[in-house]
Protein chains: 2
Amino acid sequence: MEANIACQSGICQDHPMNQPAPCCCPPLLTARLTSDELTRIASIFRVLGEPARLQLLNLIAAQPQQEVRACELVETLALSQPTVSHHLKVMYEAGLLTKERRGTWIYYGIVTDRLAELRSVLA
Amino acid sequence: MEANIACQSGICQDHPMNQPAPCCCPPLLTARLTSDELTRIASIFRVLGEPARLQLLNLIAAQPQQEVRACELVETLALSQPTVSHHLKVMYEAGLLTKERRGTWIYYGIVTDRLAELRSVLA
DNA sequence: CATGAATATCGACCTGTATCTATATTCCGA
DNA sequence: TCGGAATATAGATACAGGTCGATATTCATG
């Protein structure tokens, strides 16, 4: 059933959020959530509650390869390099972005499963 | 098509967010979003980025009638009455809750369409 | 190994907001 | 119309976090 599908990224687990976790994500509207679950889910929504970070997701998704070098993102956003780097770090640690070094550059991609989980939380 | 479904509550419109608006909500991953759209969507996610507010949604949804008197919520949450009132106001103004006075009490309910819009933004 | 480009970290500043107490407002019943 | 319960508002405080400049780190290249 929908309510107990497996959760791959640990929204409601006490794990580092950029690592897979074997748990389930109770939908907000159909299950009683514990204080820990509420805190954990809120922390992910808070990451999305920033225009600059939504713009990063939007820009990455717009690429055909679904990944972007950090320096390109810095050029596009009207923010300083440290600020963009900070946002990327926050999103990576929230499990929303992948991160891969290739030579000089670091490529960021979107963890679509993570967004799918959030959708299921709202279902 | 999914990408251009009507948006009933104005996530991406410059309207009071607790009023209906005739617009569409571009999915974050498949459309270029304007700065205004990003700001507006972020403001709604920010509302959800608070454990106390998620708990309110969770409590309201748990009721068979799908609505709760504010005083009951105050009794349940470990927060002062003004703080709960503040959170309810924020959620109401974000279009996430309905609000109806019935005698002495004020009943809050969940705007499920609003949550559905957020899901479509993440799709 | 030195240089420069890309990225991350540090420390400081400042705004936003969650929270409280105190008080105001609104409504119903006696 | 008066008193009390329910809710909202106001004002103050404290903390989280977004932002920046400066600096450190990492890597490819000559």
Side-chain angles (χ1 to χ4, degrees), chain A residues 16-18 35 38-60 63 67-94 96-109, chain B residues 16-18 35 38-60 63 67-94 96-109:
Chain A
M17 282 195 278
N18 52 348
S35 174
L38 292 168
T39 299
R40 175 163 284 265
I41 296 172
S43 72
I44 302 180
F45 279 126
R46 191 160 46 237
V47 172
L48 294 179
E50 193 66 24
R53 293 198 277 255
L54 292 184
Q55 187 178 8
L56 289 172
L57 283 179
N58 198 228
L59 287 172
I60 298 173
Q63 302 296 322
E67 59 179 8
V68 183
R69 295 193 298 264
C71 58
E72 290 186 64
L73 296 169
V74 170
E75 287 171 7
T76 306
L77 268 73
L79 291 171
S80 70
Q81 179 269 324
T83 298
V84 173
S85 182
H86 165 70
H87 285 312
L88 290 170
K89 179 182 182 181
V90 168
M91 296 175 75
Y92 172 71
E93 290 180 345
L96 289 166
L97 293 183
T98 61
K99 177 184 185 177
E100 185 189 349
R101 171 147 235 150
R102 254 179 264 154
T104 305
W105 300 300
I106 294 185
Y107 289 78
Y108 284 93
Chain B
M17 282 194 280
N18 51 350
S35 173
L38 292 168
T39 299
R40 176 164 283 266
I41 295 172
S43 72
I44 301 180
F45 279 126
R46 190 160 48 238
V47 172
L48 294 178
E50 194 66 23
R53 293 199 276 256
L54 292 183
Q55 188 178 7
L56 289 172
L57 283 179
N58 198 228
L59 287 172
I60 297 173
Q63 302 296 322
E67 59 180 6
V68 184
R69 294 194 298 263
C71 58
E72 290 187 64
L73 297 169
V74 170
E75 286 172 7
T76 306
L77 268 72
L79 291 171
S80 71
Q81 178 268 325
T83 299
V84 174
S85 183
H86 164 70
H87 285 312
L88 290 171
K89 179 182 183 181
V90 168
M91 296 175 76
Y92 172 71
E93 291 180 345
L96 288 166
L97 294 183
T98 61
K99 178 183 184 178
E100 185 188 348
R101 171 146 235 152
R102 255 180 261 153
T104 304
W105 300 302
I106 295 185
Y107 288 79
Y108 285 93

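Chain identifiers are assigned alphabetically (A, B, ...) following the order of the sequence lines, protein sequences preceding nucleic acid strands; residue numbering begins at 1 within each chain. All values derive from a computational prediction rather than experimental measurement. Below, all heavy atoms of this structure are taken into account, side chains as well, without hydrogens, waters or symmetry copies.
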Taking distance alone, no hydrogens or angles, what donor-acceptor pairs closer than 3.5 Å link side-chain atoms of residues 69-77 of chain A to residues at least two apart or in another chain?
{"residue": "A:Thr76", "atom": "OG1", "partner": "A:Glu72", "partner atom": "O", "Å": "3.0"}

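Across all their heavy atoms, A:Ala42 and B:Leu54 have their closest contact at N-CD1, 3.4 Å. When all heavy atoms of B:Ile60 and B:Gly109 are compared, the closest pair comes out as CG2-CA, 4.0 Å. When all heavy atoms of A:Arg46 and A:Arg53 are compared, the closest pair comes out as O-NH2, 3.6 Å.
Rounding to whole angstrom units, NZ of residue A:Lys99 and P of D:dT26 are separated by 12 Å. Atom C1' of nucleotide D:dT7 and atom NZ of B:Lys89 are separated by 12 Å, given to the nearest angstrom. Distance A:Glu93 CD to D:dG18 P: 12 Å, rounded to the nearest Å. In this structure, the CG atom of B:Leu88 is 13 Å from the C1' atom of D:dA6, given to the nearest Å. If you take CD1 of B:Ile106 and C1' of D:dA8, they are 8 Å apart, rounded to a whole angstrom.
If you check every strand for non-hydrogen atoms under 4.0 Å, B:Arg53 touches sugar and phosphate atoms only. Among the atoms of the strands shown, only primed sugar atoms or phosphate atoms (P, OP1, OP2) are found under 4.0 Å from some heavy atom of B:Tyr108. A:Arg102 comes within 4.0 angstrom of no nucleic acid atom, judged by non-hydrogen atoms across all strands.
In this structure, B:Glu67 and B:Thr98 have side chains that are not in contact, with every pair of non-hydrogen atoms separated by 4.5 Å or more.
Distance CD/B:Gln63 to CG/B:Asn58: 10.5 Å, rounded to 0.5 Å.
Across residues 72-86 of chain A, A:Gln81, A:Pro82, A:Ser85 each have a non-hydrogen atom less than 4.0 Å from an atom of DNA chain C (numbered order).
Residue A:His87 places at least one side-chain N or O under 4.0 Å from the OP1 or OP2 atom of D:dT19.
Shown here are the side chain to side chain contact (heavy atoms under 4.5 Å, CB included) partners of B:Lys99, two or more places apart in sequence or in another chain: B:Tyr92, B:Ile106, B:Tyr108. With sequence neighbours excluded, the residues satisfying side chain to side chain contact (heavy atoms under 4.5 Å, CB included) with B:Thr39 are A:Pro51, B:Ser35. Applying the side-chain hydrogen bond (donor to acceptor under 3.5 Å, both in side chains) rule to A:Thr83 yields the partners A:Ser80; only residues at least two apart in sequence or on another chain are considered.
Nearest-nucleotide assignment on DNA chain D puts the 5′-proximal partner with B:Tyr107, out of B:Tyr107 and A:Arg101.
Along DNA chain C, the stretch of nucleotides lying under 4.0 Å from any heavy atom of chain A spans, 5' to 3', C:dA6 to C:dT9.
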